[in-house]
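What follows is a set of notes on a single structure, which appears directly below.
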Amino acid sequence: EFGEHEGDDKDLAPRPPVVTVMGHVDHGKTKLLDALRNANVVDKEAGGITQSIGAYQVATEVDGTERRITLIDTPGHEAFTAMRARGAQATDIVILVVAADDGVMPQTIEALNHAKAAGVPIVVAVNKVDKPGADPIKARGQLTEYGLQPEEYGGDTMFVDVSAKAGTGLNELLEAVVLTADASLDLRANPDQNAEGLVIEAHLDRGRGPVATILVHRGTLKVGDSIVAGPAFGRVRALLDEHGENIEEATPSRPALVLGLTAVPGAGDNFMVVADDRLARQIAEKREARERNALLAQRSGRRTLEDFMSSLEKGETDELLLILKGDGSGSVEALEDALAQIDVGEGVALRVIDRGVGAITETNVMLAAASNAVIIGFNVRPQGKATELADREGVEIRYYSIIYNAIEEIEASLKGLLKPEFEEAQLGTAEIRDIFRSSKIGNIAGCMVTGGVIKRNAKARLLRDSAVVAENLDLGSLRREKDDASEVREGFECGIVLKGYNDIKVGDIIETYEMREKVRA
Ligand code: GDP
């Protein structure tokens with residue numbers, strides 16, 4: 001399996017945390033990334049221009065030691081969750097940016113939920129504290145309501161006041177990231193092995209061919225290594241850092257631009273170093289085939305509530321994850337409250353991992369894909385390419401306009417009631433007037449159809465003096481005059497053989513019925 005063979009404990013060396021910046025639009029994510037890049041970037045030549053390669057490293061001093069941090073240069077939870085949907089987790093810690101003048105906004109919560117769904121610790125940057133209307137205390141109070149307790153009030157989330165514009169609080173923020181990583185994560189990797197990691201972005205460069213920014217997870221990537229990156233392969237012709245400078249190698253958590261691939265891999269693809277070019281090509285080809293197959297398999301099988309139920313039965317899962325989208329915060333809250341009342345049964349949990357007001361977006365779908373969740377839309381529709389994406393990713397979206405219906409159906413699913421239910425539909429009755437004995441096909445009941453229609457394919461039961469004497473019988477044959485009939489109507493005579501059942505008497509009633517799938521309201 002990818003990522004194993006880390007070596008022994010003594011082979012592991014600390015590696016810098018990898019950080020993604022998230023938060024509401026206009027709260028200063030981009031500005032903060034710029035400020036950190038300018039103030040703290042490492043290995044910068046005087047006057048050198050930092051290129052945007054998708055990630056860069058900064059350094060800060062904590063307790064007299066230089067500590068490095070890798071920042072993913074694409075802010076927001078979209079890229080973060082798109083990676084997770086591909087099974088890749090590039091981020092160790094999330095910096096959640098909240099503008100102190102604006103406070104907690106819908107995307108703040110959305111970002112928070114994405115980070116929580118990924119199980120990634122959060123450091124809060126309360127930004128724009130330079131602004132006149134800034135209220136950093138209020139922002140703390142608001143986030144407390146969402147489960148982020150500031151450390152200074154006895155919680156375990158670090159909040160740092162910053163101004164991306166004035167450049168204040170930046171070192172404190174980086175220090176908070178390092179301390180959070182030290183407190184809750186064991187970030188170590190073996191640098192002395194063949195490199196493995198992730199592609200964080202890639203494109204085709206006119207002059208240089210396929211160019212990929214990779215993030216080394218473990219091992220050390222060197223110029224000349226044969227690598228496979230997703231369905232692409234090749235030999236590392238050059239490694240560049242975020243300043244556009246050639247480097248000889250990239251160690252764990254180090255982002256680097258790789259030249260020399262034969263094709264452009266996708267963001268979120270794994271890369272690894274292998275023994276030689278031939279092996280690299282073989283693996284790349286296998287991966288390509290596997291990806292194609294996986295895509296086909298995904299398209300043919302959607303992940304639905306019913307699938308969830310069946311995996312529940314097999315003991316493969318014990319949690320139904322939901323994403324709620326509604327037309328107003330009141331309805332979303334009401335829906336969530338009602339869901340909380342559902343008796344889900346022993347050992348099973350129902351968890352809402354994200355909720356929000358407004359149309360179902362591609363981001364919602366990506367989170368659902370990444371987390372195996374089902375999306376519930378309440379009086380809202382999908383937006384843009386969300387439906388298409390849901391189809392492609394095999395995400396189920398359910399639409400409701402009445403809370404009761406949503407609750408009832410989810411409850412029913414959880415109880416396994418969504419397997420089709422059948423009900424009996426009466427077809428026809430016949431009275432036995434005469435009996436003909438046949439050694440070949442058994443006793444033939446000479447009947448008069450007294451109600452409805454007798455059908456050849458129907459199920460039958462036999463009644464004697466109003467009591468059922470036999471159930472669940474099949475018609476062995478149905479005849480009208482001398483001919484086989486598929487059905488015989490009321491008022492006509494017919495001959496009926498009950499398959500494998502000969503204990504009939506004149507005066508018995510044959511009642512026929514069929515099982516129909518119950519129509520749900
Ligand atoms: P993003 O959408 O979260 O990436 O936000 P931007 O980084 O684009 O910032 C949005 C706006 O807020 C821009 O006009 C920034 O100049 C401004 N801004 C960002 N940080 C600060 C700050 O610390 N103080 C002030 N006063 N303005 C800021």
Side-chain angles (χ1 to χ4, degrees), residues 18-41 49-56 58 60 69-83 90-91 93-116 118 120 122-140 142-143 146 148 150 157-177 200-201 213 242 255 267 354 356-358 361-364 366-367 383-384:
V18 180
V19 175
T20 294
V21 175
M22 296 186 189
H24 195 73
V25 64
D26 278 347
H27 278 197
K29 300 180 291 293
T30 310
K31 188 111 182 151
L32 181 63
L33 280 164
D34 287 345
L36 289 168
R37 185 193 287 112
N38 292 331
N40 299 74
V41 78
I49 304 161
T50 308
Q51 303 187 336
S52 178
I53 64 166
Y56 59 89
V58 293
T60 191
I69 294 165
T70 302
L71 288 159
I72 304 279
D73 210 0
T74 315
H77 51 265
E78 288 82 4
F80 172 83
T81 297
M83 286 249 196
T91 302
I93 289 186
V94 163
I95 292 181
L96 183 63
V97 177
V98 191
D101 57 336
D102 217 9
V104 168
M105 297 299 275
Q107 284 169 44
T108 315
I109 301 308
E110 205 169 300
L112 172 61
N113 289 332
H114 282 245
K116 273 191 184 164
V120 173
I122 295 168
V123 171
V124 180
V126 181
N127 190 30
K128 305 197 187 183
V129 293
D130 60 285
K131 287 185 96 170
D135 190 348
I137 303 296
K138 184 167 154 226
R140 283 168 171 74
Q142 288 175 324
L143 280 172
Y146 289 95
L148 287 187
T157 303
M158 298 191 72
F159 281 62
V160 182
D161 291 345
V162 301
S163 167
K165 189 179 176 192
T168 58
L170 302 181
N171 274 314
E172 289 81 354
L173 179 63
L174 294 177
E175 187 180 18
V177 167
I200 52 176
E201 67 176 44
T213 299
E242 56 268 56
D354 195 14
V357 175
T361 63
E362 288 172 53
T363 310
N364 297 141
M366 288 320 281
L367 178 62
Q383 187 184 61

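No experiment lies behind these values; they were computed from the predicted model shown. Every number for a ligand or one of its atoms is a count from 1 in the order of the listing.
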What I want to check is whether the side chains of Asp102 and His24 have a donor and an acceptor closer together than 3.5 Å.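 No, His24 and Asp102 have no side-chain donor paired with an acceptor closer than 3.5 Å.
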Going by distance only, is there an N or O of [X] that falls short of 3.5 Å from an N or O of ligand 1?
| X | result |
| --- | --- |
| Lys165 | yes |
| Ala164 | yes |
| Gly28 | yes |

[X] neighbourhood, listing ligand 1 atoms whose heavy-atom distance to it stays under 4.0 Å:
| X | value |
| --- | --- |
| Lys31 | 7 (O), 15 (C), 16 (O), 19 (C), 20 (N) |
| Lys131 | 26 (N) |
| Ser163 | 23 (O) |
| His24 | 3 (O) |

salt_bridge(Arg37, Asp34) N-O dist < 4.0 Å: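 A salt bridge is present here (some side-chain N lies under 4.0 Å from a carboxylate O).
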Donor-acceptor contact present, side-chain [X] to main-chain [Y], <3.5 Å:
| X | Y | value |
| --- | --- | --- |
| Thr20 | Ile72 | no |
| Asn127 | His27 | yes |
| Gln142 | Val104 | yes |

Provide, to 0.1 Å, the distance between [atom] and the closest protein heavy atom, together with that atom's residue and name.
| atom | answer |
| --- | --- |
| atom 26 (N) of ligand 1 | Asp130 OD2, 2.9 Å |
| atom 21 (C) of ligand 1 | Lys128 CG, 3.5 Å |
| atom 4 (O) of ligand 1 | Thr30 OG1, 2.5 Å |
| atom 20 (N) of ligand 1 | Asn127 ND2, 3.1 Å |
| atom 10 (C) of ligand 1 | Asp26 O, 3.5 Å |

Near Lys165 NZ, under 6.0 Å, is it more than 12 heavy atoms from other residues, nucleotides or ligands?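 Open: at most 12 neighbouring heavy atoms sit under 6.0 Å from NZ of Lys165.
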For Gln383, which residues count as a side-chain contact (heavy atoms from CB on, under 4.5 Å) partner, sequence neighbours excluded?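 By the side-chain contact (heavy atoms from CB on, under 4.5 Å) rule, Gln383 matches Ala359, Thr361.
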Hey, are the side chains of Val123 and Thr157 touching, using non-hydrogen atoms and a 4.5 Å cut-off?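 They are not in contact (no side-chain heavy atoms under 4.5 Å apart), so the answer is no.
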Could you tell me if the side chain of Leu33 sits less than 4.5 Å from the side chain of Pro75, heavy atoms only?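 Yes, side chains in contact.
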Atom 14 (O) of ligand 1 touched by protein (heavy atom, under 4.0 Å):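 Under the 4.0 Å cut-off, atom 14 (O) of ligand 1 has no protein heavy-atom neighbours at all.
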